[in-house]
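Since this is a predicted model, take the numbers as computed values, not measurements.
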Amino acid sequence: MPTTRREITLGSSCDHFPEGTHMCLIYDDDEQRKTVLARFLADGVTEGEQVGYFTDKTDADEVRDWVAECGVDLDDTDRDDRFGVYTAEDVYCPGGRFVPTGMLERLGGAYDKAVSAGFVGARVSGEMSWALKGVPGSECLVEYEARINNISETQPVTPICQYDARQFDGATLLNVLKVHPMMIVHGQIVRNPYYMKPQEFLEEFRPTASAYG
Amino acid sequence: MGVRGRVVGMGFTCGSFPEGTHMCLIYDDEEQRLNIISKFIESGLVSRERVGYFADETEPERVYEWLEESGVDTSEPRQDGRFQVLAAEDVYCPDGEFVPEKMLGRLRAGYDDAIGCGCPGIRVSGEMSWALRGLPGCDRLMEYEALVNDVVSEYPVTAVCQYDARRFDGATILNVHRVHPMMIVGGQIVRNPYYMRPQEFLKDRPSTALNREDARPVEAVWPHGRRAVTEGARDRGGRSMRDVLPSPGSGLSPICGAREGRAGDRRGETL
């Protein structure tokens with residue numbers, strides 16, 4: 001459990017941010033998305049963090065290529081160590097169900113394990129379109145996103161949650177905006193005016209079954 | 001025009017803002033929306049501005065009721081035409097088509113007319129769900145919203161554009177963010193990080209007016225007979241833009257009648 005949160009670079013700008021910064025990337029342009037993600041992931045490896053990518057649509061080799069294009073060499077022996085690409089559904093929905101509490105434990109646990117293994121921290125990014133397939137529990141996604149903000153003090157894994165605006169509906173995107181303290185806009189990390197503290201958000205949140213396909 | 005640097009209160013939040021502030025309200029809670037909008041209207045009426053409300057989902061009578069419930073007397077401003085509740089489709093799509101250039105013209109004319117009548121300014125708010133019915137030109141809504149930012153720098157119409165997040169798709173909601181310099185969040189007016197200048201927003205969108213040459217008169221693109229035109233829309237066909245934000249006492253037909261007459265084809269909820 002860190003006493004002070006490290007300041008880290010997140011690829012999108014020259015600034016430093018506290019580790020555990022929880023960001024959303026709402027996008028409709030694949031090229032811009034790639035630019036943001038490539039630098040975020042490459043910066044993580046360079047900083048000595050353990051980096052995880054949870055893919056739904058993108059080929060694992062392509063993700064590795066993004067990082068390589070940023071000048072970060074990932075040789076085969078690193079495959080499951082410094083940098084790993086995992087199938088989003090396996091990560092978020094083991095056993096075919098999404099359970100927020102379970103996922104929060106895995107996320108926090110991933111940070112603890114990374115630090116125990118000698119990494120300075122952990123960062124992850126997930127393609128959230130896995131939640132559009134009707135897997136049981138998917139309707140709890142936004143609740144989970146809100147609760148991530150409760151663990152970022154003690155297990156400061158740094159996540160970018162990717163939402164393709166062309167796939168999610170407006171109501172879900174508005175909720176996504178309400179649960180991410182920071183967001184990536186025009187390639188910059190900015191404070192998100194929509195953000196609500198988890199308790200405040202969860203009090204008024206009513207999941208809509210239609211929101212997730 | 002605009003050079004006076006007039007500031008206005010918004011009613012729902014403290015402080016003063018430059019007139020011509022172009023805001024979006026992306027909402028999923030009806031009560032919060034009513035609270036914000038009724039105070040926005042009330043504050044305009046109190047400062048003797050001209051106020052236009054373009055209703056789509058809300059019954060016009062309900063708009064008056066919101067205000068009456070908050071103790072606002074709407075009878076006098078309604079009588080002298082300073083406060084008008086109009087059917088959004090009649091305002092944005094007279095003739096059954098949305099033509100951004102024409103709507104921008106109506107905004108300019110509305111401002112000039114309000115000033116000409118001795119009002120200190122004008123504010124409007126529109127329920128944007130009219131754009132979900134697939135009327136011709138609706139796909140140009142974001143282009144219009146972007147260009148509003150150019151217009152209000154000279155003709156400072158203060159505007160709140162209402163988008164129900166439960167009805168618009170995600171791609172549209174993202175674009176709505178890009179074209180409004182300010183937004184209303186948690187009842188506060190905040191600078192919108194997603195905002196892009198109109199030219200910047202429009203340059204990557206090849207279907208937009210800056211790159212189009214087909215911004216011809218409506219008839220040239222949509223000759224009569226190629227689409228259903230309601231009687232109400234046909235009646236208004238030859239009237240000037242100014243008629244939609246009319247000067248006091250100009251006798252625009254009541255909104256209820258106009259709503260009954262409009263074409264109601266719903267082609268889905270995307271733009």
Other residues, nucleotides and ligands only: do more than 12 of their heavy atoms fall within 6.0 Å of CZ on B:Arg197? no

Measure distances from A:Met183 to the heavy atoms of chain B and classify the residue's part below 4.5 Å as side chain, backbone, both or neither. side chain

Is there side-chain contact between A:Leu174 and B:Arg166, with heavy atoms separated by less than 4.5 Å? no

Go through the atoms of A:Ile26 and report whether side chain, backbone, both or neither lie under 4.5 Å from a heavy atom of chain B. both

Counting only heavy atoms closer than 4.5 Å, note whether B:Asp164 contacts chain A via side chain, backbone, both or neither. neither

Taking the side chain as every heavy atom from C-beta outward, state whether A:Lys178 and B:Asp28 have any atom pair closer than 4.5 Å. yes

Checking heavy-atom separations under 4.5 Å from chain A, one finds in residues 187-195 of chain B B:Val190, B:Arg191, B:Pro193, B:Tyr194, B:Tyr195

Inspect the surroundings of CD in B:Glu31 and state if more than 12 heavy atoms from other residues, nucleotides or ligands are less than 6.0 Å away. no

Go through it in stages, so that I can follow the logic: the residues are B:Asp169 and A:Asp169, the test is side-chain contact (heavy atoms from CB on, under 4.5 Å), and I'd like the CA-CA distance, side-chain angles, deciding distance and then a yes or no. CA-CA 5 Å; B:Asp169 61 45; A:Asp169 61 48; 5.8 Å; no

Within residues 179-186 of chain B, which positions have a heavy-atom distance to chain A below 4.5 Å? B:Met183, B:Val185

State, yes or no, whether a side-chain contact exists between A:Val185 and B:Arg178 at a heavy-atom distance under 4.5 Å. no

Point-to-point distance, once rounded to the nearest 0.5 Å, from CG of A:Leu173 to CD1 of B:Ile173: 7.5 Å

Relative to chain B, which of A:Tyr163, A:Tyr194, A:Tyr27 shows the most heavy atom pairs under 4.5 Å? A:Tyr194

